Amino acid sequence: MEFKSCFDIIGPIMVGPSSSHTAGVVSIGKFVYDLIGDVPDRAEITFYDSFAETYQGHGTDKAIVGGLLGMETDDIRIRHSLNHAKHNQVEIIFHLKGTCTYYDHPNTVVIQAEKNGETITVGGVSLGGGLSKIFLIDDKKVDILLNTPYDLEKLRSYRRTSSTYIPLVGS
Amino acid sequence: MNIQSIEELIKHCEQRNKSIAEVMLDFESEKSGRSNEQIIEMMAERLIKMKEAIDTGLSDRSTAPSGISGGDAILMTEYQEKGQALSGSIVSDAMRFAFATSENNARMGVIVATPTAGSAGILPGCLFSLHHNLGYSYEKLVLGLMTASAIGYVIANRAFISGAAGGCQAEVGSATAMAAAAIVELKGGTPMQATQATAIALKSLLGLVCDPVAGLVEVPCIKRNVIGTSIAFAAADLGLAGIKSQIPCDEVIGAMYDIGRNMPRTLRETALGGLAMTPTGKKVKKRIFQDKNQMGYEK
């Protein structure tokens, strides 16, 4: 039961055009922003499957970058987020791939974000209707539904104590 | 309380002698700890956003950046105002409101996903047509949103609501089924009648593939939203007439899931099949993305 509330169905309030390819992706980007606690200096973004095929039409690229810049799903600045990133000197690199081997769903994205020389890898899946889940943080499989409360501080400290960081992606 | 199936939902309604909307309100309150008033207030905020999206869409003649959508809400309004619409004012108002919402969505305007952005025109289109033609209050429409959310909640957890996972049947199909139930309850029908309308609406859209031209949520998405409103009203009328679906609602949802799982990847929001791969569809894609492909993305 991943959908938990009437507001998972009626909502989110969001800028178009797609709840899964735009709003759900903003939330994944925003999760990374919240986890870092700031706008990253640099981000490598890998879109898989349906995301890779249709990201331009759905504004998926603008959505993920908007989230990384701290925007919410209904922020009308999302349509210009790529320019905002450039303006703020955030380096963004996109990769497009086929099926995601880390998670079986057509709407998956993996982000490697860098801040002050430290890199964090986050995998997210957009389940539909704007609901998203984080399935990967660094080399750890996680299961964080973004419609459920989660403890950011705990996630950060957990990450700092896991010494065996081996990047799974992008290598 | 748990709502894992339509059957279970109906059982709750009958045991408590409450509507689907009221049961969903109790369920949400129990799960979230919010009071009914808070939930109503949050839902009303979404209703207002829906109205704003309709108003924006009805006053905007511009085309979307792609050049393949926009302006049809106004054309439909001009036609409807002549009073000659064959489908009558309730359906034709719903159609122009759906146009307005979905065109606004295509312009990256603010909308409310119901249950998705690609299918965001149907439920607001139907509800605000009832407001416009039958004078249903906003308070009533909020209850309609609760009814619709209950149906969507079951579908989303038993099957899917995204085109990438299950095709357009999962988006426009689900939205139409949700709207049909909301219309029935607003019109005074029973929970059982509402879910019969749900089953009938969803059956009419089973197998619908997701084949957006150039991957944009415009062609055929916008007009499928528009037509979805007419199916929702037709299914609601059947439900209110006491007509039953021979296949129970939960089984229809199960069939939708099976069909979606068997749908080839090319027809699940990849823009690699169907209308997207027609000669015109390909031409549109080429025209729209010829500049953008030089942005340095690797493939």
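Numbers restart at 1 for each chain; the letters A, B, ... are given by sequence-line order, proteins then strands. No experiment lies behind these values; they were computed from the predicted model shown.
By the 6.0 Å contact criterion, CG on A:Asn88 is enclosed, its count of non-hydrogen atoms from other residues, nucleotides or ligands being greater than 12. For B:Glu30, the CD atom is densely surrounded, since the number of other residues' heavy atoms within 6.0 Å is greater than 12. For B:Lys223, the NZ atom sits in a loose shell: 12 or fewer heavy atoms of surrounding residues, nucleotides or ligands are nearer than 6.0 Å. More than 12 non-hydrogen atoms from other residues, nucleotides or ligands lie less than 6.0 angstrom from CZ of A:Arg42. Within 6.0 Å of CD on B:Glu41 lie no more than 12 heavy atoms contributed by other residues, nucleotides or ligands.
Scanning both residues, A:Asn107 and B:Ser162, for their nearest heavy atoms gives ND2-OG, 4.4 Å. Heavy atoms only, all atoms of each residue included: B:Met108 and A:Arg79 are closest at O-NH2, 3.0 Å. Nearest heavy-atom pair, A:Pro17 versus B:Ala106, reported as atom, atom and distance to 0.1 Å: CB-CA, 4.5 Å. Considering every non-hydrogen atom in both B:Phe289 and A:Gly57, the closest pair reads CZ-N, 3.8 Å. Looking at every heavy atom in both residues, A:Ile10 comes nearest to B:Ser149 through CG1-CB, 3.6 Å.
With a 4.5 Å cut-off on side-chain heavy atoms, A:Met1 and B:Tyr153 count as touching. Proximity of A:Phe7 to B:Ile39: side-chain heavy atoms (C-beta onward) are separated by under 4.5 Å at one or more points. Annotation: side chain of A:Met14 is not in contact with side chain of B:Val110 (no heavy-atom distance under 4.5 Å). Put simply, the side chain of A:Ser20 reaches to within 4.5 Å of the side chain of B:Glu269, judged on heavy atoms.
Under the side chain to side chain contact (heavy atoms under 4.5 Å, CB included) criterion, B:Glu8 pairs with B:Asn2, B:Gln4, B:Ser5, B:His12, not counting sequence neighbours. In terms of the ring pair (Phe, Tyr, Trp, His ring centres under 6.0 Å) criterion, A:Tyr33 has no residue partners (sequence neighbours excluded).
Of the listed residues A:Gly130, A:Ser126, A:Gly11, the one with more heavy-atom pairs under 4.5 angstrom with chain B than any other is A:Gly11. Each of B:Pro115, B:Ala148, B:Ala113 has some count of heavy-atom pairs under 4.5 Å with chain A, and the biggest count is that of B:Ala113. Contact count versus chain B (heavy atoms, under 4.5 Å) is highest, among A:Val15, A:Ile9, A:Ile78, A:Asp8, for A:Ile9. Counting heavy-atom pairs under 4.5 Å between each of B:Pro212, B:Gly109, B:Ala150, B:Gly118 and chain A puts B:Gly109 at the top.
Heavy atoms of A:Leu131 lying under 4.5 Å from chain B are absent altogether. With a 4.5 Å cut-off on non-hydrogen atoms, A:Asp49 touches chain B through its backbone and its side chain both. Interface remark: A:Ile76 contributes side-chain atoms only to the contact with chain B (heavy atom separation under 4.5 Å). If you measure heavy-atom distances from B:Met50 to chain A, the contacts under 4.5 Å come from the side chain alone. Using a 4.5 Å cut-off between heavy atoms, B:Thr114 contacts chain A through both its backbone and its side chain. Heavy atoms closer than 4.5 Å to chain A are found in the backbone of B:Arg107, but not in its side chain. For B:Ala271, the parts lying near chain A are the backbone and the side chain together; criterion is any non-hydrogen pair under 4.5 Å. Within the 4.5 angstrom heavy-atom criterion, atoms from both the backbone and the side chain of A:Pro12 approach chain B.
Taking CG of B:Leu272 as the start and CD of A:Glu53 as the end, the distance is 4.5 Å to the nearest 0.5 Å. A distance of 11.5 Å separates CG in B:Leu216 from NE2 in A:His21, rounded to the nearest 0.5 Å.
Remark: the B:Glu28 side chain and the A:Ser5 side chain contain an N/O donor-acceptor pair separated by less than 3.5 Å.
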Should A:Leu127 and B:Phe160 be marked as a side-chain contact (heavy atoms from CB on, under 4.5 Å) after you check the CA-CA gap, both sets of side-chain angles, and the distance that decides it? CA-CA 8 Å; A:Leu127 298 165; B:Phe160 20 51; over 6 Å; no
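Judged by distance alone, the side chain of A:His58 and the main-chain N or O of B:Gly215 form a donor-acceptor pair under 3.5 Å. Under a 3.5 Å cut-off, the side chain of A:Ser19 and the backbone N or O of B:Ala117 do form a donor-acceptor pair.
Just one residue in the list B:Met24, B:Arg46, B:Lys31, B:Met42 forms a side-chain contact (heavy atoms from CB on, under 4.5 Å) with A:Cys6, and that residue is B:Met24.
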